[in-house]
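Only one structure is covered here, and it is reproduced in the block below.
First listed ligand is number 1; within each ligand, the first listed atom is number 1.
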Amino acid sequence: MRRKLIAGNWKMNGMTADGLKLAETLAQRAQQAADYGDPPPPACDLLVCPPFTLLWPVRDAIVGSGIALGGQDCHTAPSGAHTGDVSAPMLADIGCSFVVLGHSERRQNHGEDDATVRAKAEAALAGGLTPIVCVGETEAERDAGQTLAVIARQVEGSLPVEALSAADAGLVLAYEPVWAIGTGRTATPAQVQEVHAALRGQLAELLGPARAEATQLLYGGSVKPDNAPDLLALADVDGALVGGASLKADDFWAIAGACAP
Ligand SMILES: O=C(CO)COP(=O)(O)O
């Protein structure tokens, strides 16, 4: 049985005061749920991925709460002359256990291709982090009937298959249709399940059936408290990668609460 993961991708949002307040609110709720069972603890793991500037204060705010910390990107190298970049070991050093890689905003805004994403995922694994590798089609690709082919190509190119096999390490795969990100347009449950089932099948080919079964597949793209129950009930959806709604403690908590125990 795969445990669900609800991950908040804060993107480039939050001054120190906002980020701290959000993290403290979530930590208090998690602590209260764990200590008193009221409200009951969500039946999922929780992860927040703040911008780099907030990693340190958020780490301190969530310590001991059970909420995990993640970065939103990392470099392919562990250290060196790479102005403006942050490495996987640096993220691990500050308390991160995950890193989001290959988000469509990085693919679009920073020209990251599949080979780059794969190299970053290898670096993440080597640095002791669990990569959350993102894939997803554009609206034009979906309209042209290319969704499954595009995603299969991205997975083939982006997944660090050898490193995963060698390290016996895990990774999380996130399906985020580009047209559903920040638009309020969510993929329908049927669209999501179709892609996630295809992803599970491809993972079985690449990593073997046991690891495919164990890998968490997240859906991302306008996940909100009202659509979360239907999406999280799908057979091959093991959690959500939440953007906008993760910036509101009530919404993020409600999405986590939609995970069936
Ligand atoms: O990109 C996303 C998460 O990584 C999704 O963002 P929204 O939830 O704002 O659509």
Per-atom contacts, ligand 1 versus Ala180 - under 4.0 Å to a heavy atom: 10 (O)
Nearest 0.5 Å please: distance from the CG atom of Leu218 over to the CG atom of Asp238. 7.5 Å
Within 4.0 Å of some non-hydrogen atom of Ser222, the atoms of ligand 1 are 7 (P), 8 (O), 10 (O)
Between the CG atom in Leu46 and the CZ atom in Arg29, the distance rounded to the nearest 0.5 Å is 11.5 Å
By number and element, which atoms of ligand 1 are closer than 4.0 Å to a non-hydrogen atom of Gly221? 5 (C), 10 (O)
Does the pair Arg153 and Asp114 meet the rule for a salt bridge (charged side-chain N to carboxylate O under 4.0 Å, His left out), with working shown? CA-CA 9 Å; Arg153 198 178 63 228; Asp114 292 334; 5.2 Å; no
Rounded distance (nearest 0.5 Å) linking atom CZ of Phe52 with atom CE of Met12: 12.5 Å
Can you tell me how far CG of Leu22 sits from CZ of Phe252, rounded to the nearest 0.5 angstrom? 8.5 Å
Heavy-atom contacts with His103 under 4.0 Å: which atoms of ligand 1 show up? List them by number with element. 1 (O), 2 (C), 3 (C), 4 (O)
Of all the atoms in ligand 1, which lie at a distance below 4.0 Å from a heavy atom belonging to Asn9? 3 (C), 4 (O)
Heavy atoms only: give me the nearest Pro177-Ala187 pair and the separation to one decimal. CG-CB, 4.2 Å
Approximate separation, where rounding is to 0.5 Å, of Thr16 OG1 and Leu54 CG: 6.0 Å
Which heavy atom of the protein is the closest neighbour of atom 6 (O) of ligand 1, given with residue, atom name and distance? Lys11 NZ, 3.3 Å
With a cut-off of 4.0 Å, which atoms of ligand 1 are near a heavy atom of Gly182? 7 (P), 9 (O), 10 (O)
How far is atom 8 (O) of ligand 1 from its nearest protein heavy atom, and which residue and atom is that? Gly243 N, 2.9 Å
Atom 2 (C) of ligand 1 - nearest protein heavy atom and its distance: Glu176 OE2, 3.2 Å
Against heavy atoms of Gly244, which atoms of ligand 1 measure under 4.0 Å? 7 (P), 8 (O), 9 (O)
